[in-house]
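A short write-up of the structure that comes next.
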Amino acid sequence: MSSTKTIGIIGGGQLGQMMAISAIYMGHKVITLDPASDCPSSRVSEVIAAPYDDVDALRQLADHCDVLTYEFENVDADGLDAVIKDGQLPQGTELLRISQNRIFEKDFLSNKAQVTVAPYKVVTSSLDLEDIDLSKNYVLKTATGGYDGHGQKVITSAEDLEEANALANSAECVLEEFVNFDLEISVIVSGNGKDVTVFPVQENIHRNNILSKTIVPARISDRLADRAKAIAVKIAEQLNLSGTLCVEMFATADDIIVNEIAPRPHNSGHYSIEACDFSQFDTHILGVFGAPLPAINLHEPAVMLNVLGQHVEAAERYVTENPSAHLHMYGKLEAKHNRKMGHVTLFSNEPDNVVEFGKGIDF
Ligand code: AMP
């Protein structure tokens, strides 16, 4: 039997493109479903150009592929359930449903996986905000549809309540206590349905709620790093994970608090392409095919810088001056402001000396 398979990827952005590249060098064929025929994955795969909720297009993809996966969590889970054959989506649609809705996600994390999350409550209208204790700070987040800080309101005083009430009356929300964290960190973990493998802990620096810089290993104690990895493994095991998952967390002085999960490779794991012996995309492909997973080694401390639309020229200049830095460009045709166009990975023991693109100028 041939080991060459056809994999269908829902979403042809940079994550889908980098998954496809891993799949291709393992000998597989890739078909992508994306609304844009010139999406980043079009450089490396066939594309079915159709909306993500087009059930006929999903069926066409399923009919032509041995295995399906997705590059983002807002995939139509019901549509997928209607077309997939048994075992064709190893990640399953349950994980999609959990990560699409913060209420399900918090319930899963705290009650099923039993990991620490910020104290929270479900908010169905502004009435649920009437008796909150304003000696504490909070973040109110819509249950669905939020990303990169959209659909969120920080509450630090009674003055924030007008906007918070409006948000609470517009959509179901989760009210979380504000965590006074030292660092934001994340851990990539991959599973093959039986076993898991875990990556080093990443330290993440955001600008305007968009990831700007990832430093690996994160500058936390070994004890906290081990704890963060153990939490990621616990979540993966609870899910019988297939493929790659990212667990985003807050590190405080003496604890790790889970913020959210992304059931796919993640921007904060891009450094693994050069800095680890297998990338988060390699283990994703191996995992969804149920193949044995390697232990992950970090070759050297690394830094990843995101290249947004306004940073493209600076990044190109940077690699001319620092030719040992690895520039990845995703092949997006239009360099819009804040659009993720590429990233740069370099090895460095002095992450503070690696300056983010546009820092102090145009974030
Ligand atoms: P999220 O969409 O949940 O990833 O939140 C976006 C950003 O808001 C995070 O990266 C944090 O910087 C911040 N944030 C989210 N939740 C909290 C919280 N409970 N306490 C403090 N900061 C938070």
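Numbering of ligands and ligand atoms starts at 1, following listing order.
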Inset, instruction - For Phe250 and ligand 1, answer yes if some heavy atom of the residue is under 4.0 Å from a ligand atom, otherwise no. - result: yes
Inset, instruction - Tell me yes or no: between the side chains of Tyr25 and Asp282, is some donor less than 3.5 Å from an acceptor? - result: yes
Inset, instruction - Check the angle between the aromatic planes of Phe357 and Tyr318 and answer parallel, tilted or perpendicular using the 30° and 60° thresholds. - result: perpendicular
Legend entry - Test item: Leu140 and Glu163 side chains (from C-beta on) under 4.5 Å apart, heavy atoms: no
Legend entry - Contact check, side chains of Leu298 and Pro217, non-hydrogen atoms, under 4.5 Å: yes
Legend entry - Proximity of Glu177 to ligand 1 by residue part, where a heavy atom lies under 4.0 Å: backbone
Inset, instruction - Using the six-membered ring wherever Trp is involved, compare the ring planes of Phe250 and Phe181 and label them parallel, tilted or perpendicular (cut-offs 30° and 60°). - result: parallel
Inset, instruction - Verify whether one side chain among Glu71 and His284 offers a donor that lies under 3.5 Å from an acceptor in the other. - result: no
Legend entry - Ligand-side contact atoms (ligand 1) for residue partner Glu184, heavy atom cut-off under 4.0 Å: 9 (C), 10 (O), 11 (C), 12 (O)
Legend entry - Atoms of ligand 1 close to Asn209 [distance to a heavy atom under 4.0 angstrom, numbered from 1]: 7 (C)
Inset, instruction - Using a strict 4.0 Å cut-off to heavy atoms of Phe181, name the atoms of ligand 1 that fall inside it. - result: 21 (C), 22 (N)
Legend entry - Residue part near ligand 1, for Arg102, under 4.0 Å between non-hydrogen atoms: side chain
Inset, instruction - Have a look at ligand 1 and work out which part of Val139, if any, has a heavy atom under 4.0 Å from it: side chain, backbone, both or neither. - result: side chain
